[in-house]
Each structure stands twice: as structure tokens, then as C-alpha cells.
Number of protein chains: 2
Amino acid sequence: MDAEAKNTEGTPEAWRDVTPDAARRLMTAAVHAFAERGYHATTTRDIAGRAGMSPAALYIHYKTKEELLYQISKVGHRFALDILEGARDGAGTPAERLAHAVRAFVRWHAEHHTTARVVQYELGALAEDHAAEITAMRRASDGAVRAIVEDGVKAGDFDVADVRGTAVAVLSLCIDVARWFNPHGRSTPDEVGELYAGLALRMVGAAG
Amino acid sequence: MDAEAKNTEGTPEAWRDVTPDAARRLMTAAVHAFAERGYHATTTRDIAGRAGMSPAALYIHYKTKEELLYQISKVGHRFALDILEGARDGAGTPAERLAHAVRAFVRWHAEHHTTARVVQYELGALAEDHAAEITAMRRASDGAVRAIVEDGVKAGDFDVADVRGTAVAVLSLCIDVARWFNPHGRSTPDEVGELYAGLALRMVGAAG
DNA sequence: AGTGAGGCTAAGCGCTTGCTCACCGGCATG
DNA sequence: CATGCCGGTGAGCAAGCGCTTAGCCTCACT
């Protein structure tokens with residue numbers, strides 16, 4: 001029942017379609033364990049225990065502990081990338097699209113800061129080929145933000161000297177939310193998203 | 001000689017007065033190992049090996065592996081806090097002081113990104129009492145930035161709706177430099193510091 | 001020359017780790 | 001009712017972990 005409580009409490013929609021049920025329980029257990037203690041400090045017994053199973057059960061659904069991290073990382077990055085590319089290709093002025101990208105990205109990182117922490121800070125533990133795949137997705141995220149900033153500069157809406165550097169900074173600012181955000185703290189995910197959208201617009205020199 | 005090469009290559013001035021020599025060599029070896037692989041994935045054999053010593057030698061100079069991390073963390077936080085409090089108490093307009101704080105803080109995080117990575121991302125591995133001490137220093141860092149922003153608002157130089165949130169965002173932006181900065185990348189620490197000082201001024205709505 | 005302290009090592013202890021394997025119950029199917 | 005399979009367990013293996021201990025070498029000081 002401990003495991004079930006954890007399961008309903010902290011499971012974002014991202015894991016909805018992980019099947020079978022036991023695999024999903026293991027995945028969300030791993031997310032929480034990795035986020036709390038880090039990948040290397042988490043034991044397979046800890047993960048299995050949180051999911052209410054014996055250690056051996058983990059290996060029925062995942063080849064290794066690293067594969068669990070890889071799956072989590074992949075789903076998380078897919079989610080983040082969809083947000084950013086959606087904003088890049090969406091309708092509206094560059095300012096509207098940048099604000100939308102930042103708002104949604106930050107909201108996700110705050111709301112699902114447990115998952116986001118694993119996704120953003122445990123990359124070093126991935127196997128080489130998995131790391132390469134994830135790195136490609138991260139570069140795409142970078143590119144999506146840069147594209148929006150470039151659009152704004154071309155349209156004359158933004159005033160940016162160093163497009164690449166500023167785009168990196170905006171994305172970096174958003175990512176770091178996963179590190180410091182505290183659900184019991186002063187601000188809600190919505191509030192942080194709103195604040196950060198405004199800050200991003202200022203960073204690119206959008207008229208305001 | 002491998003260890004000696006490492007020693008001269010990546011040792012920031014911060015460790016200058018760690019004595020005796022063997023203790024310093026162990027410390028810089030630990031910094032590099034922790035930064036590359038993370039605290040939990042680093043073995044005492046790895047640290048000692050990088051310092052050109054046997055595993056047992058570590059325990060002559062440090063009680064535990066965690067104490068090494070604690071010392072690194074303390075020195076690093078002291079350094080960062082000095083920068084920020086120096087800027088807070090320094091001369092000049094709030095805008096000048098904020099720009100100076102960001103420039104110096106970012107420069108340090110880029111130049112010594114190995115150390116900074118350990119300092120910023122391995123806090124979770126600290127023992128309870130050590131973690132409490134470090135947390136206090138981090139709160140002081142937060143306060144120093146907030147004080148500068150408050151000064152600017154009071155002087156009418158800054159235009160900030162959410163002082164606390166904006167101060168957190170500025171500091172967060174700077175900290176995250178340690179995560180992504182690559183010495184072989186496009187920008188030098190000086191360039192990033194300059195860019196970020198400008199971005200911070202925009203974030204607080206300083207007249208530009 | 002003799003001595004004691006400090007810095008260091010080789011060996012290894014006790015324990016935990018990721019992972020495996022022989023086995024088992026329930027259940028859909030012939 | 002027999003059968004095969006899917007999802008699970010209990011026990012445990014080999015390896016590696018943090019850390020300790022007994023003892024050695026060096027060298028300042030007498």
C-alpha cells in the first residue's frame with residue numbers, strides 16, 4: 001500500500017501508456033528514487049521495494065538498472081522537446097511563441113520536478129549509445145529555442161546581440177527550475193511560469 | 001606523473017592553502033573525480049589513484065570520503081559567497097553592483113566549472129549536519145542577490161514586480177552555467193560573464 | 001647512532017551491490 | 001483434466017565498496 005500511495009501521488013501523465021502495470025510501477029518508483037538520492041545511490045532493491053516487488057522482478061521488465069534510467073530519460077526528453085518544437089512551429093508573434101514555450105517548459109519542470117530532476121541531472125549515468133541518443137534530443141531543444149529567438153530578431157521584435165548565447169541562457173534558466181523548485185515553497189508552477197515568461201521576453205529585448 | 005599533470009592543470013587558486021601537499025593533491029583529485037562521475041560513482045580507490053597514492057592514504061588526511069566532499073563544498077561556497085557579498089557591499093549604483101556580481105560569479109562558475117559542478121550538484125550526498133551548514137551559506141547567497149535587487153528597486157533604477165522570484169532567477173541562471181559550460185566550446189568565461197551581466201540587467205528592468 | 005613520530009602501503013574485513021537462476025502459482029487453452 | 005506460459009519469488013553469486021589494521025620507510029632531533 002505504500003507503493004500504491006506513491007504511485008497515485010506522483011505519477012505524471014507521461015507514464016500513462018507504459019505497460020504492463022508492473023513495468024509502470026517500477027518506472028515511477030525509479031523516478032522517485034533517482035530524484036531523491038541520485039542514480040548511483042539508488043539500489044535495485046530500493047526501486048523494487050517501492051514498487052512492492054522483489055528485486056528480481058525488475059529484471060523481467062528491464063534488462064538493467066541503466067535501461068530504466070534510459071527509458072525515463074527518453075520519455076522526459078520527448079515531452080520537453082514536444083513542448084519546445086510545438087511552440088517554435090505554433091502560431092503567433094515570436095514574442096508570443098517564446099512566452100508560450102517558456103511558460104509551458106517551466107510549468108512542466110516545476111510540476112514534475114521529480115521527473116525533471118532525473119531527466120536533467122542524471123545524464124552522466126547513461127550508457128554511451130543511450131547518451132548519444134539523448135544528446136541529439138537536447139541539441140534539438142536548443143535549436144528550437146534558438147529558432148524562435150532568430151525569428152524575433154528577423155522580425156525586428158527582439159533586440160539580441162548574441163542569439164546563440166541568449167538562447168542557451170533562456171533554456172538554461174528554465175532547466176534550472178527543476179533544481180530549486182519546491183512544491184511546498186512560495187510559488188506555484190503557474191506563477192513561476194508566468195514570471196519566467198516575462199523574464200525571457202526581457203532577456204531578448206522584446207518591447208514591453 | 002599523471003597525477004601531477006592533473007594537479008597543475010586544473011587546480012584553482014581556491015586550494016592553494018590546503019596543506020600538507022598530499023591533502024591538496026587528494027582534494028583536487030576528488031574534485032575532478034566527483035565532477036566527472038558524481039560523488040556516489042566515485043570510489044576512494046579512484047581518488048587515491050588520481051593523487052598517485054594507495055587507497056589507505058586518503059584516511060590519513062580525511063576521516064571519510066564524505067568529509068572530502070564537505071571540505072570541497074565549504075571552500076567553494078565560501079568563494080561564491082564572498083563574490084556576492086562583496087558585490088552587495090561594494091561601491092557603485094545598484095546596476096553596477098548587480099552587473100559586477102553576475103560577471104564575477106559567472107566567470108568563476110565557467111572558469112572553475114569542475115569545482116562548481118561539485119559544489120552545486122553534489123549537495124545531496126552531504127551528511128545531515130554538513131548539509132545544514134552549507135544550506136545556510138546558500139541562503140546567504142540568495143540574500144545577497146536579493147539585497148542588490150531591492151536596492152535598485154528602492155532607488156528607482158530597477159523595475160521588478162516580484163523581487164524575491166527575480167533574484168532567485170538571476171542567481172539560478174548564473175549557477176546553471178556550471179552545468180553546461182564547456183571550456184572547448186564557443187565562448188570564454190569572460191564572454192559568458194559579460195553576456196550574462198547584460199541579461200541580468202535586462203531581467204531587472206534596468207534602463208539600458 | 002638511536003629513537004619516535006608521521007606519511008604511506010599491502011592486505012584484507014565485512015558488507016552491499018547489480019544481477020541470475022531454479023522454482024512456483026494462477027490461468028487461458030486443447 | 002493436463003499443459004504451457006506469463007509474471008513473480010527466495011536465495012545467492014561474484015564483484016566491488018568504504019574503511020581498518022599491522023607494519024615499513026624516512027627523517028628531524030637528540
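So you know, we letter chains A, B, ... as the sequences are listed, proteins then strands, and number each from 1. All values derive from a computational prediction rather than experimental measurement.
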### Query
Are A:R138 and A:D142 within salt-bridge range, i.e. N to O under 4.0 Å?
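Salt bridge: no.
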
Round to the nearest Å and state the distance from [X] atom [atom1] to [N] atom [atom2].
X     : N      : atom1 : atom2 : result
B:I60 : C:dC8  : CD1   : P     : 6 Å
A:R24 : D:dG7  : CZ    : P     : 14 Å
B:D21 : C:dG7  : CG    : P     : 12 Å
B:R37 : D:dG16 : CZ    : C1'   : 13 Å
B:L58 : D:dT20 : CG    : P     : 11 Å
B:L26 : C:dG7  : CG    : P     : 12 Å
A:D46 : C:dG18 : CG    : C1'   : 14 Å
B:E66 : D:dC19 : CD    : C1'   : 14 Å

### Task
Answer yes or no: does a side-chain N or O of A:H40 lie under 4.0 Å from OP1 or OP2 of C:dT17?
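Indeed not, no polar side-chain atom of A:H40 lies that close.
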
### Query
For C:dA10, does either OP1 or OP2 sit under 4.0 Å from a side-chain N or O belonging to B:S54?
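It does not, given that no N or O in the side chain of B:S54 lies less than 4.0 Å from OP1 or OP2 of C:dA10.
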
Closest listed nucleotide, where the reference is the side chain of [X] and the choices are [options]:
X     : options               : result
B:T64 : D:dG8, C:dC19, D:dC19 : D:dC19
B:H61 : C:dC8, C:dC19, D:dG18 : C:dC8
A:T43 : C:dC8, C:dG18, D:dG18 : C:dG18
A:K65 : D:dT9, C:dG18, D:dC19 : C:dG18

### Message
How close do A:F181 and A:S187 get, counting heavy atoms only, and between which atoms?
### Response
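So the two residues come closest at CE1-O, 3.5 Å.
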
### Task
Please name the pair of heavy atoms, one in B:L199 and one in A:A169, separated by the smallest distance, quoted to 0.1 Å.
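In terms of heavy atoms, the two residues are closest at CD1-CB, 3.6 Å.
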
### Query
With a 4.5 Å limit on heavy-atom distance, are the side chains of B:W180 and B:H113 in contact?
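The answer is no, as the side chains (C-beta and beyond) never meet within the 4.5 Å cut-off.
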
### Query
Does a side-chain heavy-atom distance below 4.5 Å link B:L98 with B:M203?
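No. Closest side-chain heavy atoms not under 4.5 Å.
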
### Query
More 5' along DNA chain C: A:A41 or A:A56, using each one's nearest nucleotide?
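Between the two, 5'-proximity favours A:A41.
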
### Message
If you assign each of B:R45 and B:A22 to its closest nucleotide in DNA chain C, which residue comes earlier from the 5' end?
### Response
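By nearest-heavy-atom nucleotide position, the 5'-most residue is B:A22.
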
